[in-house]
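What follows is a short report on a single structure.
Atom set for the values below is all heavy atoms of this structure, side chains included, hydrogens, waters and symmetry mates excluded.
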Amino acid sequence: MHASLELNPPSNEPVLTYAPGSTERAALIRELERQASTPVEAPLVIGGQAVLCEPMRDIRAPHRHSVRLGAHAVAGAQHVDRAIQSAMDARAGWNQLSFDQRAAVFLRAAELLSGPWRQRLNAATMLNQSKTAPQAEIDSACELIDFLRFNVYFGTKLQAEQPLSTTGVRNRIFYRPLDGFVYAVTPFNFTAIAGNLPTAPALMGNTVVWKPSPHAVLSAHHIMQLLMEAGLPDGVINLVHGDAEAISESVLSNPAFAGLHFTGSTTVLQGLWRRIGENLPRYRCYPRIVGESGGKDFIFAHPSADPLALGTAIIRGGYEYQGQKCSAPSRLYLPRSLWKSLEKSLCEEVAQIKVGDPADFSNFMGAVIGKDAFRKITGYLDLAARDPSCRMVFGGDSSDEEGYFIRPALIEVQDPKHRLMSEEIFGPVVAAWIYQDDRYQQALEVCEQTSPYGLTGAIFARDAQAVELAQQTLRSAVGNFYVNDKPTGAVVGQQPFGGSRLSGTNDKAGAIFNLLRWVSPQTIKENFNPPRDWRYASQG
């Protein structure tokens, strides 16, 4: 059934400031205090029913080990099988609804999140994922609201995309869901991604088994409650926490598996893809794979770059949310003529950055997400300290005594192919290579060839020819390219997000490209006056 809604493009959700004395700041503080003092029991949600089972695992704040936010249930194989069955049982009823009826659920969720649920989800994201108030606001409120609204808008446009009909013939496309259930695997670093990955396929008529990150259980719990309050029918999205390997083994071995919607590490995506390939003979259809798996993003500066804009982009891009964004620039290409003054100003600015509990609104950074991340990131800092070809410009201090805190670090390297310039670190560690001003084109080529990833990158230049050369040289190196702006913070409806190479399948979250992956179109031809003689005129 086609969509009857005629929607104008939605507006992006306004970002609240949380300035001192603002009503939103007071409301958020109250909610932070409430959630920090009221531990939750986060169940599995299977067929619309809450399932609590032993053992329960603690939910802790990364920035304060002593804060227990609650506990969550852990799914066994039997729970995963029930979740799959619930998704398949709900499929027929969900598909009997028109696109408009399905869309209404997610539009209601957006309205609830824009209003009474806003601080609930923001506070959960700050506490469990150690985001500051501005970072939580743009993520768990604004971006998730935008995903919900813009997906409906793009879905409506897709429904309206119909083939030509000739005299006496009506041709239609029916946008069916995939031939089974979708498996959504979501990361810790963006609550909005955690909400979008299960809901985008569901909007298009699919039913879903959702496995969120163990480091973002609290926000996933509230997203699920939000969707249920918005009227999501039982079984359309089934939430399972637990061991990723065990859950994926059960899901990917099921013949009804029809699609993977994934954001996470390259290693995990490749492992899931390999397992899907091994299981192809048992599936009822060829599964769709939509995956985003990180990046080694860059900022490249031409000698004509604005130093103030460049420095701001490095600090905000590289260190906001502790560098734990797949789009965060962790490698810099800087001209010798700018480096001396830029180094001085960066050191002065970064010295003012406060790192600590996000509930203290004066902090610019919180903690990295957990013990494994802390060890991996500090391992790279140790590597730099041992390597005589590396120079620590600033930072490198860390402590996991109270929380997993790492101060922002900038490391100058002599080798542009150094591990710090090519490997994803996913922390507040940025490497810089300084090139000679007259070697701009050669430095661009080095940038293009260094990383196996292809997600985001930025060029800073006031010289129009330099910008054009960068765009041409780096055409295949990024999925999202920024001119005189940091390469983070893609806005739904404005900069469709995704990359290729080892960064993923580049299906552009929050755009019509992504929604196309969750439908299996059926072409319908209706002939009002079919032929009644098998002979052709040429036979006369």
Side-chain angles (χ1 to χ4, degrees), residues 5-19 22-32 102-126 129 131-157 186-187 189-200 202-203 216 218-220 222-232 263 316 320-321 325 327 358 361 480 482 485-486 488-498 508-512 514-515:
L5 288 172
E6 293 185 7
L7 294 178
N8 294 320
S11 299
N12 292 107
E13 179 70 10
V15 180
L16 303 182
T17 66
Y18 297 88
S22 63
T23 56
E24 65 265 20
R25 182 175 177 131
L28 179 55
I29 290 171
R30 288 194 299 271
E31 183 63 17
L32 284 166
R102 296 196 304 268
V105 173
F106 302 109
L107 292 176
R108 281 195 295 271
E111 289 304 308
L112 288 169
L113 183 51
S114 180
W117 283 70
R118 192 184 201 100
Q119 303 314 339
R120 187 185 305 192
L121 207 52
N122 279 345
T125 300
M126 292 174 68
Q129 292 146 261
K131 286 203 170 186
T132 60
Q135 292 296 298
E137 168 70 11
I138 62 175
D139 167 25
S140 50
C142 298
E143 188 172 13
L144 182 49
I145 292 165
D146 286 350
F147 273 135
L148 294 167
R149 290 175 176 160
F150 275 89
N151 280 344
V152 169
Y153 169 69
F154 289 124
T156 302
K157 290 183 67 175
T186 62
N189 60 333
F190 278 95
T191 298
I193 297 176
N196 183 54
L197 266 56
T199 57
L203 172 66
L218 193 59
S219 56
H222 289 296
I223 290 170
M224 194 70 217
Q225 298 301 310
L226 168 68
L227 294 172
M228 293 169 70
E229 182 166 322
L232 186 73
T263 296
R316 283 192 169 183
E320 281 181 336
Y321 193 44
K325 299 181 182 182
S327 57
F361 283 53
N480 283 54
Y482 296 78
D485 200 0
K486 63 182 175 64
T488 64
V491 178
V492 177
Q494 297 187 36
Q495 298 98 30
F497 187 80
K508 298 299 186 192
I512 200 167
N514 184 278
L515 298 184

Practice prompt. Take Lys325 and Gln135 through the test side chain to side chain contact (heavy atoms under 4.5 Å, CB included) and record every step on the way to the result.
Written response: CA-CA 11 Å; Lys325 299 181 182 182; Gln135 292 296 298; 2.8 Å; yes
Within the 4.5 Å heavy-atom criterion, are [X] and [Y] side-chain neighbours or not?
X: Leu112; Y: Arg120; result: no
X: Gln129; Y: Phe190; result: no
X: Ser327; Y: Phe497; result: yes
X: Leu121; Y: Ser219; result: yes
X: Ser22; Y: Leu16; result: no
X: Ile223; Y: Leu113; result: no

Fill in: Check against side chain to side chain contact (heavy atoms under 4.5 Å, CB included), Arg30 and Arg25
CA-CA 9 Å; Arg30 288 194 299 271; Arg25 182 175 177 131; over 6 Å; no
Practice prompt. Go through the steps to decide whether Gln495 and Lys508 satisfy the test side chain to side chain donor-acceptor pair (under 3.5 Å), and finish with yes or no.
Written response: CA-CA 9 Å; Gln495 298 98 30; Lys508 298 299 186 192; over 6 Å; no
Practice prompt. Report the C-alpha distance between Leu148 and Thr199 in whole Å, list the side-chain angles of each, state the deciding distance to 0.1 Å, and finish with yes or no for side chain to side chain contact (heavy atoms under 4.5 Å, CB included).
Written response: CA-CA 8 Å; Leu148 294 167; Thr199 57; 4.1 Å; yes
Worksheet item: Quick check: does any side chain N or O of Ser114 sit under 3.5 Å from a backbone N or O of Ala110, one acting as donor and the other as acceptor?
Response: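 Flag not set: sc Ser114 to bb Ala110 has no pair under 3.5 Å.
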Worksheet item: Using the ring of each side chain (for Trp, its six-membered ring), is Tyr153 parallel, tilted or perpendicular to Phe150, with breaks at 30° and 60°?
Response: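 Geometry flag for Phe150 against Tyr153: perpendicular rings.
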Discussion item. Tell me whether the rings of Phe361 and Tyr18 are parallel (<30°), tilted (30 to 60°) or perpendicular (>60°).
Written reply: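 Rings of Phe361 and Tyr18: tilted, 30 to 60°.
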Item to complete: Check step by step if salt bridge (Lys or Arg N to Asp or Glu O under 4.0 Å) holds for Glu31 and Arg118.
Response: CA-CA 10 Å; Glu31 183 63 17; Arg118 192 184 201 100; over 6 Å; no
Item to complete: Show your reasoning for whether side chain to side chain contact (heavy atoms under 4.5 Å, CB included) applies to Arg149 and Phe106.
Response: CA-CA 7 Å; Arg149 290 175 176 160; Phe106 302 109; over 6 Å; no
Fill in: Taking every non-hydrogen atom, the tightest pair across Asn122 and Ala136
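Asn122 and Ala136 have their closest heavy atoms at OD1-O, 3.2 Å.
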Worksheet item: Can you name the closest pair of heavy atoms from Asn514 and Ala200 and give their distance?
Response: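 So the two residues come closest at OD1-CB, 4.0 Å.
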Worksheet item: Do you see a donor-acceptor pair shorter than 3.5 Å between the side chains of Thr488 and Glu320?
Response: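 Looking only at side-chain atoms, Glu320 and Thr488 do not form any donor-acceptor pair under 3.5 Å.
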Worksheet item: Taking everything shown except Arg108 itself, do over 12 heavy atoms lie less than 6.0 Å from its CZ?
Response: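 For Arg108, atom CZ is crowded (more than 12 foreign heavy atoms under 6.0 Å).
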Item to complete: Mind checking the CG-CG spacing from Leu32 to Leu28? Nearest 0.5 Å is all I need.
Response: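 Answer for the CG-CG pair, Leu32 versus Leu28, is 4.5 Å.
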Discussion item. Which residue is it: Thr191, Asn189, Asp139? I am looking for the one with a side chain to side chain donor-acceptor pair (under 3.5 Å) to Lys131.
Written reply: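 Single side chain to side chain donor-acceptor pair (under 3.5 Å) partner of Lys131 among Thr191, Asn189, Asp139: Asp139.
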